[in-house]
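Working notes, beginning with the structure itself.
Worth saying up front: this structure is predicted, and the values here are computed from it rather than measured. Numbers for residues simply follow the sequence, beginning at 1.
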Amino acid sequence: MTDLRALLKERAIERAVVIDDVFDDAPRPDELAAESWSTFFDDLEESDRTQLGQLYPRYEETDLEELVASETFIEVVWRNRGAFSTAARSALFSEYENTNVAERARLNELAEALIALGLNCTCMGRDLDVAASTAQLIFVDLFLGYKQTEGDFRCAISRVRELVEHRNDSPPLVVLMSRSPHLQERRNEFRDSAGLLGTFFRVISKMDLAKEGALENILFRLVTHLPDAQRVARFVHAWDKGLDSARKRFIGLLRRLDLPDLGQIQALVLEAEGEKLGDYLLDVADRVLQHEIERDSDTIAASLGLNSIDVTKYPAPHLRGSPDLQELVHRMIFVNPRRLALTETDGVPDILFGDVMRWVGDDGQTTPEVCLVITPACDLVRHSAKRVLLLSGTLEPLLPENWTYEPRPTRTPIVILPDDSRMWVSWDLKNVKSLSWEEFAAALANGGKLRRIGRLREQFALELQQKLVSDFGRIGQLARMPAYFPVVTSVFYVDEHGNAQRLIQDELESAVIVGRSAEGKPVHRLVLSEQACDEIRDAVLSRDSNSVHANGRNAFDCIKSDKTFFLKFERGEAESPVKSGAKPKLLKSDGNDNAYATIMRGDDLAAGDSTPNGMRRSALLVRVVDLEPSTADEAG
């Protein structure tokens, strides 16, 4: 741990706190069963009752129900439990005490390991210890309570929120731990409710935390990327403050508008344009608020700080609970669907430039065919165009191989439909339709052949319009974010007979990130969670190299000693074939061409299958299988 100790010192990580209910001074009333109290009072000897009267003078005059609900009484009994008969004490405290002692011993080992790393470590239960407020590293149990109730979960959230809420510029690192099987399913709720940033947050079961090297691994990951995480924290905090300041300035401007001002806008501008006042003012508000946000110097400074992040050393991505980048792309491209209500008359859309319409078949069911309104906006609001131009397109399933950065086919990369299903649109520049205003009105009316499903933001609608007019003069837009798609990943090795055998029995939490190369071509990168990489590494280290095929034994030994090899899966450096059945990709270890994994896409590899000679040189065989869209939605 020498390197980690030096890194902690370099990052000025000096104080840690371990928060768990096992460090409470006494159990709480709800943690002792009513039947245990009954047995306790029944088993009290005369000397025990005399002792209780001395320790708690109100004992004789207090109802039993009040006693068992009193934290003061319980604390007195707990603190002096050695003074009571064994039978009475055992009936009340044995289960709690045995669990508490064993768990406390394990957490004391964690505290000792943190101290060995040069940290000042505080252990605390549910009551706040002042020393914890300055800790830069927090280990906290998912449930602060012996019974692991919903209240215990909320208690843990509340305690962490107290420790982080006033440290926005430099939040502490938080590691959530538990023995509960609900740890993974509740981690996102804990993180969001406690106001934590993903870059400062990790999750690990207490069983895994007890494994050799686990603490070092999780701390090394967090602390290595701490400067970049702090830049993100400053950006989020600056946005939070900046939005509030911008909102106040913006509202001040809006309050100056009087009804005569609105009347003049309507008379001088909107009547000639045929535009509705509410829709127009919302457009104005959008742009003025954006101007005010751009004015905030702290937000600009924090944004500049993000430029210093070395993206080649980005933190290992979280798969479960990762930001839904497809959702962000959709929000960048489309206006919020609730905005569309501003341009309706009696439930019938008032059509505008950029509206996306979906065709309805003769059977009344929507079809995959869509169209985009591309008639210039001014001609639409004035009805000066005799016919409405529509660019035709087709809705296609949103699959990993469809997420491309190439200019062809002309596309809208994602559309989230009213039923929350996700598709993309392939636009056909050679298929332009036109409808008269009468035909359009009939198609939009209730029971007509068109349904409005969204509206593209102006710059994205303009780009499609310009592509239609010419291949030149394209309108620039923000670079499209990468997308990730959950997949099923299995890891095999080749046994001494040349057959594939599972290295790990379970399928791993994984995803395929769809990025692009310098040439703009799509590149699919396999990303595994930190826990999955640790599981692979543990399995490799525990397997005897003699059980591996002779051709791959050297490679297997190499990845045993090369810790950085597994980081390639965390960082998305493991390239996957783009399609099922395509040629496998090789992942080599730095500086050693013989140590690598073979990554294949598809389900044509199973335990016991004979492997080709070329694969037998691989330390690992990694099989990636795409999830069906419905299954992927459930996994997310």
Looking at [X] and [Y], what are the two nearest heavy atoms and their distance?
X: I599; Y: V624; value: CG2-CG2, 4.1 Å
X: V164; Y: A194; value: CG2-O, 3.7 Å
X: F569; Y: L587; value: CZ-CD2, 3.6 Å
X: F201; Y: L222; value: N-CD2, 4.2 Å
X: T375; Y: L380; value: O-CD1, 3.5 Å
X: T367; Y: G361; value: CG2-N, 3.6 Å

Taking [X] for the side chain and [Y] for the main chain, is one N or O donor matched with an acceptor at less than 3.5 Å?
X: T343; Y: L340; answer: yes
X: S421; Y: L417; answer: no
X: E185; Y: H182; answer: no
X: R249; Y: E292; answer: yes
X: Q531; Y: V203; answer: yes
X: T299; Y: A238; answer: yes
X: D208; Y: S205; answer: no
X: S158; Y: R154; answer: no
X: R455; Y: R452; answer: no
X: E396; Y: W424; answer: no

Is the shortest side-chain heavy-atom distance between [X] and [Y] below 4.5 Å?
X: L450; Y: P349; answer: no
X: R451; Y: W359; answer: no
X: L197; Y: V236; answer: yes
X: V488; Y: L627; answer: yes

Does a side-chain N-to-carboxylate-O contact under 4.0 Å join [X] and [Y]?
X: R457; Y: E463; value: no
X: R247; Y: D244; value: yes
X: K449; Y: D362; value: yes
X: R202; Y: E530; value: yes
X: D379; Y: R387; value: no

Q: Check the pair L456 / L464 against side-chain contact (heavy atoms from CB on, under 4.5 Å), numbers first and verdict last.
A: CA-CA 10 Å; L456 294 178; L464 290 171; 3.7 Å; yes
Q. T412 and W427: side-chain donor and acceptor closer than 3.5 Å?
A.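 On atom types as modelled, these side chains qualify, holding a pair under 3.5 Å.
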Q. Can a donor-acceptor pair be found between the side chains of S580 and R601 at a distance below 3.5 Å?
A.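 No, because no side-chain N or O of S580 sits under 3.5 Å from a partner of the opposite role on R601.
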(Q) Show, in sequence, the C-alpha distance, side-chain angles and deciding distance for L468 and L391, and conclude whether the side-chain contact (heavy atoms from CB on, under 4.5 Å) test is met. (A) CA-CA 8 Å; L468 179 65; L391 175 62; 4.2 Å; yes
Could you give the distance from [atom1] ([X]) to [atom2] ([Y]), rounded to the nearest 0.5 Å?
X: I414; Y: E327; atom1: CD1; atom2: CD; result: 7.0 Å
X: Q326; Y: I416; atom1: CD; atom2: CD1; result: 8.5 Å
X: S180; Y: F143; atom1: OG; atom2: CZ; result: 4.5 Å
X: S193; Y: I157; atom1: OG; atom2: CD1; result: 4.0 Å
X: I536; Y: L508; atom1: CD1; atom2: CG; result: 5.0 Å
X: L389; Y: C371; atom1: CG; atom2: SG; result: 11.0 Å

If you count the non-hydrogen atoms of other residues, nucleotides and ligands that lie under 6.0 Å from [atom1] in [X], is the total more than 12?
X: R161; atom1: CZ; value: yes
X: D419; atom1: CG; value: yes
X: E439; atom1: CD; value: yes

Q: Decide yes or no on side-chain hydrogen bond (donor to acceptor under 3.5 Å, both in side chains) for T345 and D350, but give the supporting numbers first.
A: CA-CA 7 Å; T345 302; D350 302 323; 3.0 Å; yes
Q. Can R186 be said to sit on top of F153's aromatic six-ring, NZ or CZ under 6.0 Å from centre and within 45° of the ring axis?
A.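 Yes.
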Q: Before giving the answer on side-chain contact (heavy atoms from CB on, under 4.5 Å), spell out for L176 and L142 the whole-Å C-alpha distance, their side-chain angles and the decisive distance to 0.1 Å.
A: CA-CA 6 Å; L176 182 65; L142 179 68; 3.9 Å; yes
Q. Parallel, tilted or perpendicular for W239 and F235, by the 30°/60° rule?
A.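 It falls in the perpendicular class, over 60°.
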Q: Mind running side-chain contact (heavy atoms from CB on, under 4.5 Å) on F485 and L399 for me, showing each step along the way?
A: CA-CA 8 Å; F485 297 84; L399 300 173; 5.7 Å; no
